[in-house]
2 protein chains.
Amino acid sequence: MNFKSFSKQFKLTNNQLFSEYFDLFTDSIAIKNKKIAVRKLKIIISATFKLSASQSFASMSLRQLSEETHISMGGLYAYIKNKQHLSLTLQRFLNHYGQKVLSQTDGGLENIIRTHVYLSEILQPWFFFAFMESKNLTKPMKQYAIKSELLTEAYLVTAIEKGQIQGKYKKTLSAQVAASHIKPLLHDWYLKRWKYRQRKINIDDFCQSMLIFINDGLKCSKHN
Amino acid sequence: MNFKSFSKQFKLTNNQLFSEYFDLFTDSIAIKNKKIAVRKLKIIISATFKLSASQSFASMSLRQLSEETHISMGGLYAYIKNKQHLSLTLQRFLNHYGQKVLSQTDGGLENIIRTHVYLSEILQPWFFFAFMESKNLTKPMKQYAIKSELLTEAYLVTAIEKGQIQGKYKKTLSAQVAASHIKPLLHDWYLKRWKYRQRKINIDDFCQSMLIFINDGLKCSKHN
DNA sequence: GTCTATAGCCGGATAGAC
DNA sequence: GTCTATCCGGCTATAGAC
């Protein structure tokens, strides 16, 4: 698997994405014409990510959002319930989507890792937003987010345990501990996206070097 | 080196820390009695970290800060120039301090890694704040922060290159790439502090497992 | 050195015209 | 479906009493 084949398989076009968002949150969207709604939601949510990334969601004002999207204040409220609820839907949608995609992996460690990185590339603004704004969540939403995060970690743990039983991976580190060291490596791709862009490291090279690092570490075999 | 010996060596008591902060930013502090100022600065900055961590610095209001510190709005302005400048001093102080401590390592990879983790433990709220609020920085400050981050990475690169020349580390991965995979592991300790606390993983165990992971990876030697 | 009071601006949200 | 106008509460910052 590489990024190209992953993209082909999932066909995550923007339209499909926001169409699914519309279906999930119709209750909080006053506009009932789906075609119009999807087009505007795309604009509003993209602008939200842009502004949140350069300030923070909390300090972004709806007046700024209105200016950035060229939609009036009143107009915005036809697409969102209120400011807090907008943030909530973004968090929920990513959790929903992430679990859906991850559950389709074949359970191998490399497969899970690549799937996570590739998905976080396509949904980079969503992942970045969710990570950065997670602290602002209300208690019930925080619990929901933690549950979702643990689920992702559980995929890694299961894959490592499987490898350990097969004798592919050693048992020096518990699968749990190993998984908790792998997760931050995955996060780096969407948290420090600018760094990798600047250094002209493409996504498949990133996966490759990360997998080597995870598998082999740094030490020479002769020192084992 | 372990956490205890590191702590002894650096004696980073809160008083010393805020005393150094006071000296660095006297210009923006109206109160000239150092003893009083240091005591209050400690209260103000701790409260700033607490509130920023649960919301964000931008959305924290000075009214909240006033309530949390039991210092009136007017009173606060005797210790800070304004809200934005407060954030700036926090960023600057950590960069200043971090580089000071890192420059005293012996240049070995394990030493640099342990120093970073131990320092980020003692200054956890500072590190967390700097990471989370880095996007809000003005352009010149952002450049300063990036410079500081690259410097930290440079310490890792140099150590790995040294190990590669000595034949201790293999050359499958460039030192630069390896370093960029190690950094997010270090960040995890202060970004997800709650997770490690919950799982009752202490700081020396964390360093130990991370060093094993970095050195050896997951794979069994027989599969090499 | 610390407080209260207030200036002046900006925030989220909604009503109602078109 | 989109806009303008407006409510009103909260914000940073400062002036001036003690």
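Below, read A as the first sequence line, B as the second, and so on, with proteins coming before strands; counting in each chain starts at 1.
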Point to revise | Proximity to the side chain of B:Leu62 - top-ranked nucleotide from C:dA13, D:dA13, C:dC3 | key: D:dA13
Practice item. Kindly point out which of D:dC3, D:dA13, C:dT2 is positioned nearest to the side chain of B:Tyr79? Key: C:dT2
Review point. Could you give the CD1-to-P distance, from B:Ile36 to C:dG1, as a whole number of Å?
Key: 6 Å
Review point. With respect to the phosphate group of D:dA13, does any side-chain polar atom (N or O) of B:Tyr77 fall under 4.0 Å of OP1 or OP2?
Key: yes
Check your understanding: With respect to the phosphate group of C:dT2, does any side-chain polar atom (N or O) of B:Lys40 fall under 4.0 Å of OP1 or OP2?
Key -> yes
Review point. Does a nitrogen or oxygen in the side chain of A:Ser61 sit under 4.0 Å from OP1 or OP2 of C:dC10?
Key: no
Study note, to complete from the structure: Here the distance between atom C1' of D:dC11 and atom CD of B:Glu67, to the nearest Å, is 14 Å
**Study point:** Spacing of B:Lys83 atom NZ relative to D:dA13 atom P, expressed in whole Å
**Key:** 8 Å
Check your understanding: Less than 4.0 Å between a side-chain N and a carboxylate O, is that true for A:Lys142 and A:Glu149?
Key -> no
Check your understanding: What's the closest nucleotide to the B:Ile31 side chain, out of D:dG1, C:dC3, C:dG1?
Key -> C:dG1
**Study point:** Contact nearer the 5' end of DNA chain D, comparing A:Arg63 with A:Leu76
**Key:** A:Leu76
Review point. Does the ring of B:Tyr144 carry B:Lys147 above it, NZ/CZ under 6.0 angstrom from centre and within 45° of its axis?
Key: no
Practice item. Take B:Gln198 and B:Arg193, measure what side-chain hydrogen bond (donor to acceptor under 3.5 Å, both in side chains) needs, and give me the verdict at the end. Key: CA-CA 9 Å; B:Gln198 194 183 289; B:Arg193 195 66 192 83; over 6 Å; no
Review point. Below 4.0 angstrom, N of the basic side chain to O of the carboxylate: do B:Lys34 and B:Asp23 qualify?
Key: yes
Check your understanding: In whole angstroms, how far is the P atom of C:dG1 from the CD1 atom of B:Ile44?
Key -> 13 Å
Practice item. Describe the nucleic acid contact of A:Lys81 in one word from base, sugar-phosphate, nothing, applying a heavy-atom distance below 4.0 Å. Key: nothing
**Study point:** Charged N-O contact under 4.0 Å between B:Arg92 and B:Glu20
**Key:** no
Check your understanding: Given atom CZ of A:Phe22 and atom C1' of D:dG1, what is their separation to the nearest angstrom?
Key -> 13 Å
Exercise for review: Let me know the distance between CD1 of B:Ile80 and C1' of C:dG1, rounded to the nearest Å.
Suggested key: 16 Å
Check your understanding: Starting at CG of B:Leu65 and ending at P of D:dG10, how long is that distance when rounded to a whole Å?
Key -> 18 Å
Check your understanding: Tell me: CG of A:Asn82 to C1' of C:dG11, nearest whole Å?
Key -> 14 Å
